[in-house]
There are 2 protein chains.
Amino acid sequence: MLAYCLQVSDADLLFKALADPGRRKLLDRLHAHDGQTLGELCQHLDMTRQGVTQHLALLEAANLVAVQWRGREKLHFLNPVPMQEIYERWVRKFEKPRLKALHDLKRRLEDGDD
Amino acid sequence: MLAYCLQVSDADLLFKALADPGRRKLLDRLHAHDGQTLGELCQHLDMTRQGVTQHLALLEAANLVAVQWRGREKLHFLNPVPMQEIYERWVRKFEKPRLKALHDLKRRLEDGDD
DNA sequence: ACAATATGCAAGCATTTACTTGCATGTCAA
DNA sequence: TTGACATGCAAGTAAATGCTTGCATATTGT
């Protein structure tokens, strides 16, 4: 597949994107109000616009944020899917077996509902 | 509480610990076989012993690994609890609301069962 | 058309990170 | 008790990271 071209894994991009407090704060702000422009995200954030831009670039690379241009404005949208994948790979896998059955059941219910 | 003394948050230690492929590999190896010594963990890992030691120190700081001394050997054990907390704070929170009810139900069932 | 606005791009710098080498300490076993 | 083994500690280095400043580009509205 495409994996041959990648030098870093998805998990690497994902965890590195989440490893910074500023980037996590950006995710929280998008969670509170999705679709904000770069300028809006810069407000209340103690950093220059370029700093925020670079953080957002990493979040985009990790597929945690999707962008959409509207004229000269860049709108940012949260994508929760990679976080679900963290759950599958790094939380559910490490759970105690006793709890696993419940989670499996839950997952099946959700998949059916989707 | 103790939080006044901390310069970095739990989430910071946690995600930074998980942001390195070598450390994630260590977690996987402990998941496959818990309670390994440092020497055992060094095998099949393309790094010096000191490198592994430093990675394990970060995993300990993030409370993902607990250690127990047996004579001159240091045994390492996996602690899945912080990963559950990732789920609570960074996966469940960002889920679509429609799915949330199911998760809440599941959580209540688990809490009751614990 | 032109000024204001929204963002991109690139270079520079300070700090942190990942990793190594060398030596010290403590434990086991013959 | 002494040599082998398991690990700790500290300093040095190369690369990555976070952030800034300065300038370029594109869009909007008057």
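- Atoms CG (A:Leu56) and C1' (D:dG18) sit 14 Å apart, rounded to a whole Å.
- When all heavy atoms of A:Leu13 and A:Ala62 are compared, the pair lying nearest together is O-CB, 3.6 Å.
- Separation of atoms CD (A:Gln43) and CG (A:Leu38) is listed at 10.5 Å; rounding is to 0.5 Å.
- What separates CD of B:Glu73 from C1' of C:dG26 is a distance of 13 Å, to the nearest Å.
- Note: NZ (A:Lys74) to P (D:dT25) measures 18 Å, nearest angstrom.
- Considering every non-hydrogen atom in both A:Lys25 and A:His44, the closest pair reads NZ-O, 4.0 Å.
- Atom CD in B:Glu95 sits 8.5 Å away from atom OH in A:Tyr87 (nearest 0.5 Å).
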Could you list all N or O pairs between the protein and nucleotides 28-30 of chain D that sit under 3.5 Å apart?
none

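- Rotation axes derived from the C1' atoms of the five outermost pairs at either end of the helix from C:dA1-D:dT30 to C:dA30-D:dT1 lie 30° apart, to the nearest 10°.
- The side-chain hydrogen bond (donor to acceptor under 3.5 Å, both in side chains) search around B:Asp20 returns none, not counting sequence neighbours.
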When the side chains of residues 73-83 of chain A are checked against the rest of the protein, which donor-acceptor pairs come out under 3.5 Å, sequence neighbours left out?
{"from": "A:Glu73", "atom 1": "OE1", "to": "A:Arg70", "atom 2": "NH2", "distance (Å)": "3.0"}
{"from": "A:Lys74", "atom 1": "NZ", "to": "A:Glu60", "atom 2": "OE2", "distance (Å)": "3.4"}
{"from": "A:His76", "atom 1": "ND1", "to": "A:Gln36", "atom 2": "O", "distance (Å)": "3.1"}
{"from": "A:His76", "atom 1": "ND1", "to": "A:Lys74", "atom 2": "O", "distance (Å)": "3.2"}
{"from": "A:Asn79", "atom 1": "OD1", "to": "A:Val81", "atom 2": "N", "distance (Å)": "3.3"}
{"from": "A:Asn79", "atom 1": "ND2", "to": "A:Asn63", "atom 2": "O", "distance (Å)": "2.9"}

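- Remark: B:His55 is in phosphate contact with C:dC19, judged by side-chain N or O atoms under 4.0 Å from OP1 or OP2.
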Without placing hydrogens or testing angles, list every side-chain donor-acceptor pair under 3.5 Å for residues 47-56 of chain A, not counting sequence neighbours.
{"from": "A:Thr48", "atom 1": "OG1", "to": "A:Gly51", "atom 2": "N", "distance (Å)": "3.4"}
{"from": "A:Thr53", "atom 1": "OG1", "to": "A:Arg49", "atom 2": "O", "distance (Å)": "3.0"}
{"from": "A:His55", "atom 1": "ND1", "to": "A:Arg23", "atom 2": "NH1", "distance (Å)": "3.0"}

Output one line per pair: protein atom, nucleotide atom from nucleotides 20-23 of chain C, and distance, for all N/O pairs under 3.5 Å.
{"from": "C:dT20", "atom 1": "OP2", "to": "B:Thr48", "atom 2": "N", "distance (Å)": "3.0"}
{"from": "C:dT20", "atom 1": "OP2", "to": "B:Thr48", "atom 2": "OG1", "distance (Å)": "2.7"}
{"from": "C:dT20", "atom 1": "O4", "to": "B:Gln54", "atom 2": "NE2", "distance (Å)": "3.0"}
{"from": "C:dG22", "atom 1": "O6", "to": "B:Gln50", "atom 2": "NE2", "distance (Å)": "3.1"}

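- As rounded to whole Å, 14 Å separates atom C1' of C:dT5 from atom CD of A:Glu40.
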| task | Evaluate the side-chain contact (heavy atoms from CB on, under 4.5 Å) criterion for residues A:Phe15 and B:Lys16: first the C-alpha distance (whole Å), next the side-chain angles of each, then the deciding distance (0.1 Å), finally the verdict. | result | CA-CA 7 Å; A:Phe15 281 118; B:Lys16 285 198 168 144; over 6 Å; no

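- As a whole-Å value, the separation of B:Leu26 CG from C:dC19 C1' is 14 Å.
- One can place CZ of B:Phe15 at 20 Å from C1' of C:dT16, the figure rounded to the nearest angstrom.
- Between A:Trp69 atom CH2 and D:dT25 atom P there is a gap of 15 Å when expressed in whole angstrom units.
- Here the shortest heavy-atom pairing between A:Ala17 and A:Leu64 reads CB-CD1, 4.1 Å.
- Following rounding to the nearest Å, A:Leu58 (CG) and D:dT17 (C1') show an atom-to-atom distance of 9 Å.
- Atoms CG and CG, on B:Asp12 and A:Leu18 in that order, are 11.0 Å from each other to the nearest 0.5 Å.
- Distance from the side chain of B:Lys16 is smallest for C:dT17 among the nucleotides C:dT17, D:dG18, C:dT7.
- With rounding to the nearest 0.5 angstrom, the CH2 atom of A:Trp90 is 4.0 Å from the CG atom of B:Asp28.
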